[in-house]
Structures are given as C-alpha cells and as structure tokens.
Amino acid sequence: MNIADLRKSYEKAELNENASHADPLKQFEQWLQEAISSEVPEPNAMTLATVANNLRPSTRVVLIKGYDDRGIVWYTNYDSQKGQELGGNPFAALQFHWVELERVVRIEGRVEKVSAEESDAYFHSRPLDSRIGAWASPQSQVIDGRTVLVTNAAKYAAQFMLQPPRPPHWGGYRLVPDQWQFWQGRKSRLHDRLRYTQDGGDWLRERLAP
C-alpha cells in the first residue's frame, strides 16, 4: 500500500464557538473526561515538546498527573534531556491526540517546577517499584545495558526497603498555559479549530482555518 493513499474521513463530532466553553480549561476538562469515559487508550498521554539551547526541538510522551487553574502537571527526572532543556528554555508545548474521538488539544506556555510538597505527595502515592525506579534510572544518560538498571534497582530496594524518599533529581513540572488550541476532525478536511489566547485577564476565543 502507498502510504500517501492512507486517508480517513472525520465525521464523529463538531466544535463551534457557541457550544464550546469560554474558559479553555473547562473545554479541556470536558474533552479529557469524554476521552476517559470513552475508554480510549491512555487518554492521559500527552506529547511534550521542548527546545534546547542550540534551538533543536525534541518531543516525548509523558502522562498528565494533574490540572487546575494554575496549569498542567507532570513528573519526571530533572536531569533528563527534557529537564535540562526546560532549565535553559522554560517554555514548552503539550499535545493530546485522542485518535478515536478525532480530537487534538494543543497547549503552550511557560513551565515551572511544582513545589517540593506537591512532588513529595505525588511521589509517595506511586507504587513501590516506580519509586525505586526513579532512583535506579539515570534518565537520558548512556548506560552499558539493562543490567545497569536491574542492578541499580536491587541496590536501592535493599537500601530503602519499603520507604524510598523522593530523589532530589525527581519532581514535578507545571505548564502555565498562555495559548490553547482545540481541533475536531470534520468531513472534507474542513476541520474545526478554535484557539484561545490571553487577552488581559480573559481568554480570547477565535476560529482558525484548518
């Protein structure tokens, strides 16, 4: 099959200015809850895009762990590639793609670390294996093989037993949105696309051509 011939007609739903929320966070919450209730695979998965000091962009998939009026939260290793890039350029973009619902949400803004108290609370809610894994993996670093990870995990499991503390190099980030985009697939490639940008203390909602 010629990959250029792969096509899909998007016909599941629509998105218009009158039916959408004036607050993008409420629109996001509605779509996220619909993705969860529809049982799409990993509805909490989002692509995180960062830019290094040399202006090269990079992406990876992370999991949303919280959201509120302050922004979108995820957790990771601060020494990882994404952590280092955010340290040099604290702006990023997120994207949710719920294929089965023919929907995409894009979010852009400044990134900040969450408080130590928030990171501690989430870390201690994780399964024990995940907490040990945060110590065992020198994320984004070159290692000789999987044996390094297994050996590290055994070492830290023996050291900390059932009470591993949060590693100093691990914690949460929060993206504070200044722009949202909601995309709903439509027939004939005439998709619905709404953008929200900050206008003083309010959000300006505009339709973009697809």
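Hydrogens, waters and symmetry mates play no part in the numbers below; they use all other heavy atoms, side chains included. All figures in this text were calculated on a predicted structure; none of them were measured in a lab.
- Checked by atom type and distance alone, the side chain of E102 never pairs as donor or acceptor with a backbone atom of Q184 at under 3.5 Å.
- Closest non-hydrogen pair, F28 versus I72, comes out as CE2-CD1, 4.1 Å.
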Fill in: Chi angles and distances behind the side chain to side chain contact (heavy atoms under 4.5 Å, CB included) call for W98, L32
CA-CA 9 Å; W98 297 308; L32 176 60; 3.8 Å; yes

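- Considering only heavy atoms from C-beta on, L175 comes within 4.5 Å of P177 through its side chain.
- The residue from R195, R193, E108 that alone fulfils the side-chain hydrogen bond (donor to acceptor under 3.5 Å, both in side chains) condition with Q181 is R193.
- A 4.5 Å side-chain heavy-atom check between L128 and P164 finds at least one atom pair inside the cut-off.
- Within the 4.5 Å cutoff, no side-chain heavy atoms of L48 are placed close to those of T59.
- Other residues, nucleotides and ligands contribute only 12 or fewer heavy atoms inside 6.0 Å of the CG atom of D69.
- For the pair L208 and L194, the minimum side-chain heavy-atom distance is 4.5 Å or more.
- Between E14 and K187 there is no salt bridge, since none of the side-chain N atoms of the basic residue sits less than 4.0 Å from a carboxylate O of the acidic one.
- A distance below 6.0 Å separates the ring centres of F160 and W135.
- Atom CD1 of I36 and atom CD of E42 lie 12.5 Å apart (nearest 0.5 Å).
- Ion pair E85/R60 flagged as a salt bridge, since at least one NZ, NE, NH1 or NH2 atom sits closer than 4.0 Å to an Asp/Glu carboxylate oxygen.
- In R146, the CZ atom is not crowded: 12 or fewer heavy atoms of neighbouring residues, nucleotides or ligands sit closer than 6.0 Å.
- Annotation: D5, atom CG; neighbour count of heavy atoms from other residues, nucleotides and ligands within 6.0 Å is above 12.
- Considering every non-hydrogen atom in both L101 and A35, the closest pair reads CD1-CA, 3.7 Å.
- In this structure, R166 fails the cation-pi test against F123, since its NZ or CZ atom is not both closer than 6.0 Å to the six-membered ring centre and inside 45 degrees of the ring normal.
- Hydrophobic clustering, with ILVMFWY side chains joined whenever heavy atoms are under 4.5 angstrom apart, keeps V62 apart from V114.
- The backbone N or O of Q33 sits less than 3.5 Å from a side-chain atom of S37, completing a donor-acceptor pair.
- Between E29 and L25, every side-chain heavy-atom pair lies at or beyond the 4.5 Å cut-off.
- Proximity of a side-chain donor or acceptor of S140 to a complementary backbone N or O of S80 within less than 3.5 Å is not detected.
- In this structure, R131 and P167 have side chains that are not in contact, with every pair of non-hydrogen atoms separated by 4.5 Å or more.
- Residues L94 and R106 have side chains not in contact (no heavy-atom distance under 4.5 Å, counting atoms from C-beta outward).
- Among Q27, K26, Q30, the one residue that satisfies the side-chain hydrogen bond (donor to acceptor under 3.5 Å, both in side chains) test with H21 is Q30.
- Under the 3.5 Å distance criterion, the side-chain polar atoms of H97 are left unmatched by any main-chain donor or acceptor of M46.
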Discussion item. Determine whether L15 and W31 satisfy the following criterion, side chain to side chain contact (heavy atoms under 4.5 Å, CB included), listing intermediate values before the conclusion.
Written reply: CA-CA 11 Å; L15 176 66; W31 274 18; 3.9 Å; yes

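- By the neighbour-count criterion of 12 heavy atoms within 6.0 Å, atom CD of Q159 is densely surrounded, having more than that number from other residues, nucleotides or ligands.
- Annotation for A136 and A153: closest pair CB-N, 3.6 Å, computed over non-hydrogen atoms.
- Classified by interplanar angle (parallel below 30°, tilted 30° to 60°, perpendicular above 60°), the ring pair Y122/W170 is parallel.
- Remark: aromatic rings of F182 and Y196 are close, center separation under 6.0 Å.
- In this structure, R103 pairs ionically with E34, as a charged nitrogen and a carboxylate oxygen lie closer than 4.0 Å.
- The closest donor-acceptor contact from the side chain of Q198 to the backbone of W203 lies at 3.5 Å or more, if one exists at all.
- The line from CD1 of I143 to OG of S137 is 7.0 Å long, rounded to the nearest 0.5 Å.
- If you chain together ILVMFWY residues whose side-chain heavy atoms come under 4.5 Å of each other, Y10 ends up grouped with V104, W183.
- Between Y78 and Y173, the distance from one ring center to the other falls under 6.0 angstrom.
- No salt bridge links E11 with R186; every basic N to acidic carboxylate O contact stays at or beyond 4.0 Å.
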Item to complete: Mind running side chain to side chain contact (heavy atoms under 4.5 Å, CB included) on T47 and F96 for me, showing each step along the way?
Response: CA-CA 7 Å; T47 299; F96 291 84; over 6 Å; no

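- With S130 contributing its side chain and R126 its backbone, the two residues share no donor-acceptor pair below 3.5 Å.
- Taking both residues in full, the closest heavy atoms of T50 and A92 are given as CG2-CB, 4.3 Å, listed atom of the first, atom of the second, then distance.
- A distance of 9.0 Å separates CD of E117 from OG of S119, quoted to the nearest 0.5 Å.
- The 12-atom threshold is not exceeded at CG of L162, counting heavy atoms of other residues, nucleotides or ligands nearer than 6.0 Å.
- Rounding to the nearest 0.5 Å places CD1 of I107 at 4.0 Å from CH2 of W180.
- With contacts defined as side-chain heavy-atom distances shorter than 4.5 Å, the pair L149/P138 qualifies.
- Separating the CG atom in L86 from the CD atom in Q81 is a distance of 10.5 Å, to the nearest 0.5 Å.
- The heavy-atom pair separating A45 from V61 by the smallest distance is CB-CG1, 3.9 Å.
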Practice prompt. Could you give me the CA-CA distance, side-chain angles and deciding distance for L6 and M1, then say whether side chain to side chain contact (heavy atoms under 4.5 Å, CB included) is met?
Written response: CA-CA 8 Å; L6 293 174; M1 178 179 290; 3.0 Å; yes

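- Atom-to-atom distance recorded for E100:CD and S38:OG is 9.0 Å, nearest 0.5 angstrom.
- No hydrogens or angles considered: nothing links the side chains of S58 and K82 as a donor-acceptor pair under 3.5 Å.
- Scanning both residues, H191 and R207, for their nearest heavy atoms gives O-NH1, 4.5 Å.
- If you chain together hydrophobic residues whose side chains sit under 4.5 Å apart, V105 and I64 fall into the same group.
- L204 meets the side-chain contact (heavy atoms from CB on, under 4.5 Å) test with T197, D199, E206; sequence neighbours excluded.
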